[in-house]
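Below is one structure; the comments refer to it alone.
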Amino acid sequence: MLKTEEKSYLNFINGNWKASDSGETKEVLNPADRNDVVGFIQRSTLDDVNEAVASAKAAKESWRKLSGNDRGNYLYKVANILESRLDDVAETLTREMGKTLPEAKGETARGVAILRYYAGEGLREVGDVIPSTDSKGIMYTTRTPLGVVGVITPWNFPVAIPIWKMAPALIYGNTVVIKPATEAAATAAKVIECFAEAGLPDGVVNMVTGSGSVVGERLADHPDVNGISFTGSDKTGKHIGQVALARGAKYQLEMGGKNPVIVADDADLDLAVKATISGGLSSTGQKCTATSRVIVQSAVYDTFKEKLLSKIEELTIGNGLEDGNWMGPSASESQLETVLSYIEKGKEEGATLLTGGNRLTDAAYKDGNFVEPTVFENVNNDMTIAKEEIFGPVLALIKVDTFEEAMKLANDTEYGLSAAVFTENIRKMLTFIDDIEVGLVRVNAETAGVELQAPFGGMKSSSSHSREQGRAAIEFFTSIKTVFIK
Ligand SMILES: NC(=O)C1=CN([C@@H]2O[C@H](COP(=O)(O)OP(=O)(O)OC[C@H]3O[C@@H](n4cnc5c(N)ncnc54)[C@H](OP(=O)(O)O)[C@@H]3O)[C@@H](O)[C@H]2O)C=CC1
Ligand SMILES: O=C(O)CCC(=O)C(=O)O
């Protein structure tokens, strides 16, 4: 088995690696094997955050004044360093939060690609020339960075999400303080090591680890943090939004999903099954874009169900570092408990359990947070498992007679992140594209898996209605200045 070394990870403040003022660390355990200590991270204090923000504030003017090309060159260097360490970063990722090594390598490669995309952004246009009503006037827009940006990230994509927030923040001229999720802070620290070694000026990138309620909260309410970009739960996101709003800071929230797949009566069922499994169960269902509701027309329901269950039988579960395992553990004991409690709720509320539903406890699994891939049927939209984000490998099958009914149920949710339809019928595709209330509309493709050059974000309670990634990121990380010259 591959094994990365156990180590203590420090905070990164003003160009230096340093221990927290608290003198305390937190042990990070492998969710596939609790006897395996991945490392130790700092339990930081308010003073650590204040110091990091002060260093980001001190660095912001000179960073802003660099050309986009110069900032881009730093990002190219970070990308090259991360690429050269891809295996080590990916192994740490798998060991720390459990996703399989191929998934972790894919995510790290995606991080490299995101860095290169935003490095190139340093040479792209930033504004528009707008005709003035004054024939002697010149009017145009330009953009200015927010200043210091606080980045608060979750554990499910500990390489890609920090990078897809930090890279645009930096290229558009902001300085950054990141607080990664405790469950994945060692991986995040390895990413920050790449920024450190690329030689960015001191204070431009800072990382402080520790609990959300101390470090994250201070970042959200610190008067010198000009913008906050967050991904995580609905509850924490809305709280951070309110804290930022109360002091007039800009904020961007990416939160949960309850993403539906519609399988129409003319769908390619093999494709729909493959995409439902990949979208719903890969990464152990721990994606905000994961498929969780599978709405199937009655004409193809039985065939679809049979094919789905037979493919799920073939899935291999185990330590993601070992070859051949398709699905790893839940990322933490508490996440596993959450998933199991939703499964119990499903049973109590009258859904029929078709497969799975249990924690795995045999020898190979007993020291990890493993749960079986789980499928329910006879689910209706009033049940908790059809309403709340589970963040585990749990699918809810919902049978409907008509496509219209499927559309109605798909939209009957407080979330609006991603949705997929499987159909060969152009009219159904167009109805879906037009009427589905989500930010990511997928036709004959799984709900998860976004492309870095395209806007990413949701409607309703899934986001604060802004978009991340692609060129859309410029909208959050800059303010427009409208210039008139005469
Ligand atoms: N949309 C998505 O991609 C994600 C959704 N989730 C959903 O959230 C559920 C719970 O997961 P959880 O990890 O607790 O998610 P959280 O939203 O609590 O955590 C996300 C980030 O926010 C931080 N945080 C927590 N509380 C605060 C606070 N008061 N102020 C500022 N920052 C804070 C966390 O820190 P720390 O945890 O280190 O203390 C972490 O860095 C999951 O079951 C899933 O449903 C979770 C992760 C990602
Ligand atoms: O589906 C993806 O690739 C991205 C998912 C994501 O952003 C998330 O789970 O937070």
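Computed from heavy atoms alone, side chains included, the values below leave out hydrogens, waters and symmetry copies.
Shortest non-hydrogen contact noted between Leu219 and Lys179 is CD2-CB, 4.0 Å. Taking every heavy atom of both residues into account, Glu424 and Asp266 meet most closely at N-OD2, 2.6 Å.
Taking the charged nitrogens against the carboxylate oxygens, Glu254 and Lys165 have no contact shorter than 4.0 Å, which rules out a salt bridge. A salt bridge links Lys7 with Glu193; the closest basic N to acidic carboxylate O contact falls under 4.0 Å. Salt bridge Arg471/Glu125: present, at least one basic N to carboxylate O contact under 4.0 Å. Classification of Glu61 and Arg64 as a salt-bridged pair holds, one side-chain N sitting under 4.0 Å from a carboxylate O. Between Arg110 and Glu451 there is no salt bridge, since no side-chain N of the basic residue sits under 4.0 Å from a carboxylate O of the acidic one.
Crowding of Lys238 atom NZ: a count of heavy atoms from other residues, nucleotides or ligands under 6.0 Å exceeding 12.
To the nearest 0.5 angstrom, Ser44 atom OG is 8.5 Å from Asp21 atom CG. Atom NZ in Lys408 sits 13.5 Å away from atom CG in Asp435 (nearest 0.5 Å). The distance from the NE2 atom of His465 to the CE atom of Met459 is 9.0 Å, given to the nearest 0.5 Å.
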Under 3.5 Å, sequence neighbours excluded: what are the donor-acceptor pairs made by side chains of residues 195-203?
from: Glu197; atom 1: OE1; to: Arg85; atom 2: NH2; distance (Å): 2.3
from: Glu197; atom 1: OE2; to: Arg85; atom 2: NH2; distance (Å): 3.4

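Neither side chain, Ser332 nor Gln335, offers a donor N or O lying under 3.5 Å from an acceptor on the other. Between the side chains of Asn381 and Asp412, at least one donor N or O sits under 3.5 Å from an acceptor N or O. Between Gln252 and Ser229, the side chains place a donor N or O and an acceptor N or O closer than 3.5 Å (distance only, hydrogens not considered). Using modelled atom types, one finds a donor on one side chain and an acceptor on the other under 3.5 Å when comparing Glu103 with Ser283. Asn259 and Ser418 share no donor-acceptor pair across their side chains, judged by distance under 3.5 Å alone. Tyr117 and Gln453 share no donor-acceptor pair across their side chains, judged by distance under 3.5 Å alone. Between the side chains of Thr291 and Thr447, a donor-acceptor pair is found at a separation under 3.5 Å.
Here the rule is side chain to side chain donor-acceptor pair (under 3.5 Å) with Ser20, and of Asn11, Asp47, Asp48 only Asp48 fits it.
Among residues at least two apart or in separate chains, ring-ring contact (aromatic ring centres under 6.0 Å, His included) pairs with a member in residues 135-179 are Trp155-Phe391, Trp164-Phe456.
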